[in-house]
Amino acid sequence: MTSYKIKELNPKDFNKCNNIWDMVKKPKMAKMFYDELVSGNRITFVYLENNEFIGEGSLVFKNNDPDYTIPDKRIYLSHMIVKKGYRNRGIGGIMLDYLIDYAKQLGYKEIALGVDTDNLNARHLYEKMGFTNVLFIGEDKYGEYVKLLKKLK
């Protein structure tokens, strides 16, 4: 069993996430995530093996989309991703458990996310973890996606 740790991302280490996803190809997204992180609206956790950034997932407190956030009630799970080559090893499930528990500790009653409809592995994981309420199915510039909701106990 590989030893791992999950830790909160310090904004000064933000560029290390480029190990997980290509920030250069998505500069607007990277800047938005960084700005939200610095402002305190986003809390990001990274999954590390041997101090290497392997996975990332964030919770966002306020979002312009009311499907994703309701103050003090619903939190938005944003940009959960595992580095290619490390997928299908259970890392996503470990991270998802961690983020759900963290949201509960913060007192949230619901957690919402968006996922591309063709991302079958992620959708299967989310459904298995209780994201079974479909809030919306639609399309944006990246393609068709679905918004899912999980009630927290």
Side-chain angles (χ1 to χ4, degrees), residues 4-21 23 26-49 53-83 86-87 90-153:
Y4 70 89
K5 66 181 174 188
I6 295 176
K7 72 171 194 174
E8 186 176 335
L9 179 66
N10 185 314
K12 71 177 173 51
D13 293 328
F14 182 75
N15 286 339
K16 290 182 185 175
C17 292
N18 195 51
N19 187 51
I20 305 166
W21 59 285
M23 296 173 151
K26 298 181 177 172
K28 283 184 182 163
M29 181 189 278
K31 182 178 178 354
M32 182 183 83
F33 289 174
Y34 180 77
D35 291 347
E36 287 181 341
L37 195 62
V38 171
S39 75
N41 189 40
R42 170 180 294 265
I43 185 166
T44 299
F45 294 94
V46 286
Y47 178 101
L48 299 107
E49 286 181 8
F53 281 38
I54 304 296
E56 168 190 340
S58 299
L59 295 172
V60 176
F61 302 100
K62 285 195 291 287
N63 180 289
N64 292 334
D65 186 332
D67 282 342
Y68 286 138
T69 58
I70 299 171
D72 303 317
K73 180 181 179 187
R74 182 182 299 167
I75 197 164
Y76 173 44
L77 188 144
S78 166
H79 203 247
M80 200 180 90
I81 184 166
V82 174
K83 182 179 178 176
Y86 290 84
R87 296 178 182 162
I91 294 170
I94 291 167
M95 291 196 62
L96 194 54
D97 267 340
Y98 188 92
L99 291 162
I100 290 167
D101 284 345
Y102 197 88
K104 285 180 189 173
Q105 288 171 27
L106 293 175
Y108 284 89
K109 307 281 180 264
E110 300 174 344
I111 187 167
L113 58 82
V115 61
D116 293 341
T117 51
D118 61 359
N119 189 343
L120 300 179
N121 287 348
R123 288 191 59 192
H124 176 74
L125 173 63
Y126 295 142
E127 286 166 15
K128 192 171 80 176
M129 299 292 271
F131 287 85
T132 51
N133 298 342
V134 175
L135 296 173
F136 176 83
I137 299 173
E139 223 171 299
D140 63 13
K141 61 185 175 193
Y142 305 109
E144 190 178 278
Y145 70 101
V146 59
K147 295 176 185 174
L148 300 173
L149 178 75
K150 173 184 173 67
K151 301 267 189 201
L152 303 175
K153 292 184 174 71

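Side-chain atoms are counted along with the backbone in the values below, which use heavy atoms only and exclude waters and symmetry mates.
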Donor-acceptor pair, [X] side chain versus [Y] backbone, under 3.5 Å?
X	Y	answer
Lys150	Met129	yes
Thr117	Glu144	yes
Asp140	Gly143	yes
Asp116	Asp118	no

Could you measure the distance from the [atom1] atom of [X] to the [atom2] atom of [Y]? Nearest 0.5 Å is fine.
X	Y	atom1	atom2	answer
Thr69	Asn41	OG1	CG	8.0 Å
Phe45	Lys7	CZ	NZ	12.0 Å
His79	Cys17	NE2	SG	9.0 Å
Leu152	Arg74	CG	CZ	10.5 Å
Leu125	Lys128	CG	NZ	6.0 Å
Ile111	Phe131	CD1	CZ	4.5 Å

Side-chain donor-acceptor pairs of residues 93-105 under 3.5 Å, sequence neighbours excluded:
none

Partner set under side chain to side chain donor-acceptor pair (under 3.5 Å) for Asn10, not counting sequence neighbours: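 Counting only residues at least two positions away or on another chain, Asn10 forms no side chain to side chain donor-acceptor pair (under 3.5 Å).
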
Where do Lys16 and Val46 land on the side chain to side chain contact (heavy atoms under 4.5 Å, CB included) test, with the steps shown first? CA-CA 10 Å; Lys16 290 182 185 175; Val46 286; over 6 Å; no

Option from Leu48, Ile91, Ile81 for which side-chain contact (heavy atoms from CB on, under 4.5 Å) with Ile54 holds: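 Looking at Leu48, Ile91, Ile81, the match for Ile54 under the side-chain contact (heavy atoms from CB on, under 4.5 Å) is Ile91.
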
With respect to Tyr68, which candidate in Asn63, Val60, Leu135 satisfies the side-chain contact (heavy atoms from CB on, under 4.5 Å) definition?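 Only one option passes, and that is Asn63.
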
Might you point out which heavy atoms bring Val38 and Pro11 nearest each other, and give the distance in Å?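 Heavy atoms only, the tightest pair is CG2-CB, 4.0 Å.
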
How close do Ala122 and Val115 get, counting heavy atoms only, and between which atoms?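 So the two residues come closest at CB-CG2, 3.9 Å.
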
Lys151 and Asn133: side chain donor to acceptor below 3.5 Å: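 No, no side-chain donor-acceptor pair sits under 3.5 Å.
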
Can you give the donor-acceptor pairs under 3.5 Å from side chains of residues 29-36 to other protein atoms, not counting sequence neighbours?
from: Lys31; atom 1: NZ; to: Asp35; atom 2: OD2; distance (Å): 2.6
from: Glu36; atom 1: OE1; to: Arg42; atom 2: NE; distance (Å): 2.8
from: Glu36; atom 1: OE1; to: Arg42; atom 2: NH2; distance (Å): 2.8

With Lys83 as the cation and Phe53 as the aromatic partner, state whether NZ or CZ is under 6.0 Å from the six-membered ring centre and within 45° of the axis.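 No, Lys83 and Phe53 do not form such a contact.
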
Would you call Arg123 and Val146 a side-chain contact if the rule is heavy atoms closer than 4.5 Å?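 The answer is yes, as the side chains (C-beta and beyond) meet within the 4.5 Å cut-off.
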
Parallel, tilted or perpendicular: which fits the ring planes of Phe61 and Tyr108, with parallel below 30° and perpendicular above 60°?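 Geometry flag for Tyr108 against Phe61: tilted rings.
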
Does CG in Asp72 sit with more than 12 non-hydrogen atoms of other residues, nucleotides or ligands closer than 6.0 Å?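 No - once you tally the heavy atoms of other residues, nucleotides and ligands closer than 6.0 Å, there are 12 at most.
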
